Amino acid sequence: MSQTVAFGPYEAPPSSLSLPQALLDARDRYGGERPMVEDQDRVSLTYDRLILGAMVLGRKICQGTAERESVGVLLPNVNGCAVTFFGLLFMGRVPVMLNFSSGLRNLKSACETAQIRTIITARKFIENAKLDDIVGALAEGRRIIWLDDVRETIGALDKVRGLIDAKLRPRAIARRTKGDDPAVILFTSGSEGKPKGVVLTHANIIANTRQIAAHGRSFISPEDVVMNPLPLFHSYGLTAGFMLGMLHGMKVVLYPSPLHYREIPRLIAKVKATLLFGTDTFLVGYARAAEKDDLASVRYVITGAERVKDETRRLWDPFGTTILEGYGCTECSPVLACNTPDMSKPGTVGRLLAGINWRLEPVEGIHEGGKLVVQGANVMAGYMLADNPGVIKPPEGGWHDTGDIVTVDDDGCVIIKGRAKRFAKLGGEMVSLAAIETMVADLWPGVNHVAVSLPDPRKGEQIILVTEQGNADRQALTAHAKALGFPELWVPRAILVLEQIPVLGSGKIDYASTAEEAASKRSLM
């Protein structure tokens, strides 16, 4: 029988608890017949069906692999991905969630870094996504398991064995992994360079879902329906958009692409989703494409990855939805801070979650705030780097340097000043590229702007504005900056107009590609 259980204060998970064990605990707490995950086909899986499917499919796809082996998963947000993910975990394998939007070079690098010998995917997905050439290249020296083919081989004996495992000995199977074991390998977005493998343990993910639930206990509950279009190869989509619901009784509706701006609002209306996880870029698309009542059921949108623009909030106002801005990074599973209805301050990303220790380290040339360094149960086991494949490099002393320059106000709310790498040194002064982008957005709202710093033979560095504003004019920008009190030094030296600024699959601006575009066209500006 299903029951409503209010979220309580944060409790760190015991070191013995694994994700399969936590899923079984959730099944026992909320009821095996409780619908838990659904996809665009509107097929709903209960806890019992999910666990049974994981037992049956897990045994089939893990044949030919060893315990603790890293196995690539190249799938979109569908029920089959959820079952595959838990199937690998129950069998003691480590899913590597591959970013199919990152291109062949990054995918090959990920496979080599994580020492992947087997990749699980589906023919229909590869055909629809036009990834045949990429999969063909990845198959060199690796085995490709097609879920379509595996399903054809599942017979009555497989189903009976899976039923026995799911009903009579799920705990024994789940105990093959512990909380400190690697649970998943994700790759950083590469927004500032080459992606790195991030190894998250079972305890990391469980801890972060508990931190999120405790932080949001005043406004979220097991009765919420979560709409998650964010891919599971993104830590935000995996932990907040998927695992939070799985372990805390909230039904999760998966959608395969966050870029389907017309379809997602319609599905939200059909499933009556109450929580939506997304990024500013995606929120703008949904609000503009939605019909009058499509988003009426959404009480809260929780955002990450990029700053929420004022224009975005205005677009969502007619739907009566509250947008709560949060902050995190892949290495922290990922959520570190978030606004709540009773403490929501524009310009901040809210208070840090319980169980997170932090300090600000001074940065030369920056006089307000410092670099945020954190420690806690949600901080990764370590990096896996291309120059040392398969080896986990743990953070020193358990502390992770986020690389973000922040201040913390009197209410404990975090204010992001920008990435440490996104400051330019001009005339001996450290200038925030993010602050310049905010200033530009105030003049030309509703489109993307990126300030990039490029080497300058005379001044060391110069700032170029890359914008989607078709009529962008430097004279108007200079006048606007002066009116706001910005020094002339902060005004970009040149403007490059693009029809669309590159965006990663996670919804983040692709700063590396944008900077390359600006550098290649600098002579034309």
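The model shown is predicted, which means the values in this text are computed figures rather than measured ones.
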Please tabulate, one pair per line, all N/O donor-acceptor pairs under 3.5 Å involving side-chain atoms of residues 337-357, not counting sequence neighbours.
| residue | atom | partner | partner atom | Å |
| --- | --- | --- | --- | --- |
| Asn339 | OD1 | Lys345 | N | 2.9 |
| Asn339 | OD1 | Thr348 | OG1 | 3.4 |
| Asn339 | ND2 | Glu325 | O | 3.1 |
| Asn339 | ND2 | Thr348 | O | 3.0 |
| Thr340 | OG1 | Asp342 | OD1 | 2.6 |
| Thr340 | OG1 | Met343 | N | 3.4 |
| Lys345 | NZ | Asp409 | OD2 | 2.7 |
| Lys345 | NZ | Asp411 | OD2 | 2.9 |
| Thr348 | OG1 | Lys345 | O | 2.8 |
| Thr348 | OG1 | Gly350 | N | 3.2 |
| Arg351 | NE | Asp411 | O | 2.8 |
| Arg351 | NH2 | Asp411 | O | 3.4 |
| Asn357 | ND2 | Gln375 | OE1 | 3.3 |

Counting only pairs under 3.5 Å, give me each side-chain donor-acceptor contact of residues 258-267, with atom names and distances, residues two or more places apart or in other chains.
| residue | atom | partner | partner atom | Å |
| --- | --- | --- | --- | --- |
| His260 | ND1 | Tyr255 | OH | 2.9 |

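Put simply, OG on Ser18 and CD1 on Ile205 are 11.5 Å apart, with the number rounded to the nearest 0.5 Å. Put simply, OG on Ser333 and CE on Met243 are 11.0 Å apart, with the number rounded to the nearest 0.5 Å. Taking OG from Ser453 and CG from Leu433, the interatomic distance works out to 6.0 Å, rounded to the nearest 0.5 Å. Distance check: Thr84 OG1 to Leu74 CG gives 11.5 Å after rounding to the nearest 0.5 Å. Rounding to the nearest 0.5 angstrom, the gap separating the CG atom in Asp442 from the NE2 atom in His480 is 4.0 Å. Atom OG1 of Thr279 and atom CG of Leu230 lie 7.0 Å apart (nearest 0.5 Å).
Within the 4.5 Å cutoff, the side chain of Asp39 has no heavy atoms near those of the Val253 side chain. Looking only at side-chain heavy atoms (C-beta outward), Val374 and Thr402 come within less than 4.5 Å of each other. Looking at Glu38 and Val252, their side chains never come closer than 4.5 Å, going by heavy atoms from C-beta outward. The shortest side-chain heavy-atom distance between Leu324 and Phe219 falls under the 4.5 Å cut-off. For the pair Val198/Phe187, no side-chain contact is recorded, criterion being any heavy-atom separation below 4.5 Å from C-beta on. Considering only heavy atoms from C-beta on, Gln40 comes within 4.5 Å of Pro256 through its side chain. Proximity of Met36 to Ser44: side-chain heavy atoms (C-beta onward) are nowhere separated by under 4.5 Å. Considering only heavy atoms from C-beta on, Pro229 comes within 4.5 Å of Tyr286 through its side chain.
The main-chain N or O of Ile501 is found under 3.5 Å from a side-chain atom of Glu468 such that the two form a donor-acceptor pair. Put simply, the side chain of His449 never gets that close to the backbone of Thr467: no donor and acceptor are under 3.5 Å apart. No donor-acceptor distance shorter than 3.5 angstrom exists from the side chain of Arg210 to the backbone of Ala207, with no hydrogens or angles considered. In this structure a side-chain-to-backbone donor-acceptor pair under 3.5 Å is missing from Thr312 to Val308. In this structure, the side chain of Trp316 engages the main chain of Leu283 through a donor-acceptor pair within 3.5 Å.
Listed here is the closest heavy atom pair of Tyr236 and Ile302: OH-O, 2.5 Å. Closest of all the heavy-atom pairs between Phe7 and Ala213 is CB-O, 3.7 Å. The minimum heavy-atom distance between Gly241 and Val226, with the atom names listed, is O-CG1, 3.8 Å. The shortest heavy-atom contact between Ile220 and Ile212 is CD1-O, 4.3 Å. In this structure, Ser221 and Met250 approach most closely via the heavy-atom pair O-CG, 3.1 Å. Across all non-hydrogen atoms, the minimal contact from Ala287 to Leu295 is CA-CD1, 4.3 Å.
With sequence neighbours left out, the side chain to side chain donor-acceptor pair (under 3.5 Å) criterion links Glu11 to no other residue. For Arg105, there are no salt bridge (charged side-chain N to carboxylate O under 4.0 Å, His left out) partners, not counting sequence neighbours.
Applying the ring pair (Phe, Tyr, Trp, His ring centres under 6.0 Å) test to pairs two or more places apart or on separate chains, none has a residue in residues 320-345. Legend: side-chain hydrogen bond (donor to acceptor under 3.5 Å, both in side chains) pairs involving residues 287-302, not counting sequence neighbours, sorted by first then second residue: Asp224-Arg299.
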- Message: Please evaluate residues Val450 and Tyr511 with respect to the criterion side-chain contact (heavy atoms from CB on, under 4.5 Å), reporting the C-alpha separation (whole Å), side-chain torsions for both, the decisive distance (0.1 Å), and the verdict.
- Response: CA-CA 8 Å; Val450 176; Tyr511 291 108; 3.7 Å; yes

- Task: In sequence, state the C-alpha distance, the side-chain angles, and the governing distance for Arg307 and Asp280, and then conclude on salt bridge (Lys or Arg N to Asp or Glu O under 4.0 Å).
- Result: CA-CA 7 Å; Arg307 186 183 67 83; Asp280 182 81; over 6 Å; no

- Query: Is there a side chain to side chain donor-acceptor pair (under 3.5 Å) between Ser109 and Asn106 once you walk through the steps?
  - Reply: CA-CA 5 Å; Ser109 175; Asn106 285 341; 5.8 Å; no

- Kindly determine whether Glu331 and Val379 satisfy side-chain contact (heavy atoms from CB on, under 4.5 Å), including the steps that lead there. CA-CA 6 Å; Glu331 295 88 346; Val379 173; 5.9 Å; no

- Message: Using the rule given for side-chain contact (heavy atoms from CB on, under 4.5 Å), can you reason through Leu496 versus Glu517, listing the C-alpha separation, both sets of side-chain angles and the distance that settles it, and then say yes or no?
- Response: CA-CA 9 Å; Leu496 170 64; Glu517 186 86 3; 4.2 Å; yes

- Query: Is there a side-chain contact (heavy atoms from CB on, under 4.5 Å) between Leu372 and Trp358 once you walk through the steps?
  - Reply: CA-CA 7 Å; Leu372 180 64; Trp358 62 277; 3.9 Å; yes

- Message: Would Glu306 and Thr281 count as a side chain to side chain donor-acceptor pair (under 3.5 Å) here? Give the steps.
- Response: CA-CA 8 Å; Glu306 55 185 353; Thr281 299; 2.7 Å; yes

- Message: Quick one, Glu223 with Lys272, criterion salt bridge (Lys or Arg N to Asp or Glu O under 4.0 Å). Give me CA distance, side-chain angles, the key distance, then yes/no.
- Response: CA-CA 12 Å; Glu223 303 308 313; Lys272 294 181 170 53; over 6 Å; no

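Annotation: cation-pi geometry satisfied between Lys196 and Tyr383 (NZ/CZ under 6.0 angstrom from ring centroid, within 45° of ring axis).
Of the options Asn77, Asn79, Val83, a side chain to side chain contact (heavy atoms under 4.5 Å, CB included) to Val37 is made by Asn79 and by none of the others.
Using a 4.0 Å cut-off between a side-chain N of Lys or Arg and a carboxylate O of Asp or Glu, Asp404 and Lys371 do not qualify as a salt bridge. One finds a salt bridge joining Glu361 and Arg359 here, because a Lys/Arg side-chain nitrogen approaches an Asp/Glu carboxylate oxygen to under 4.0 Å.
The aromatic rings of Phe86 and Phe242 lie tilted to each other, with the angle between the two planes from 30° to 60°.
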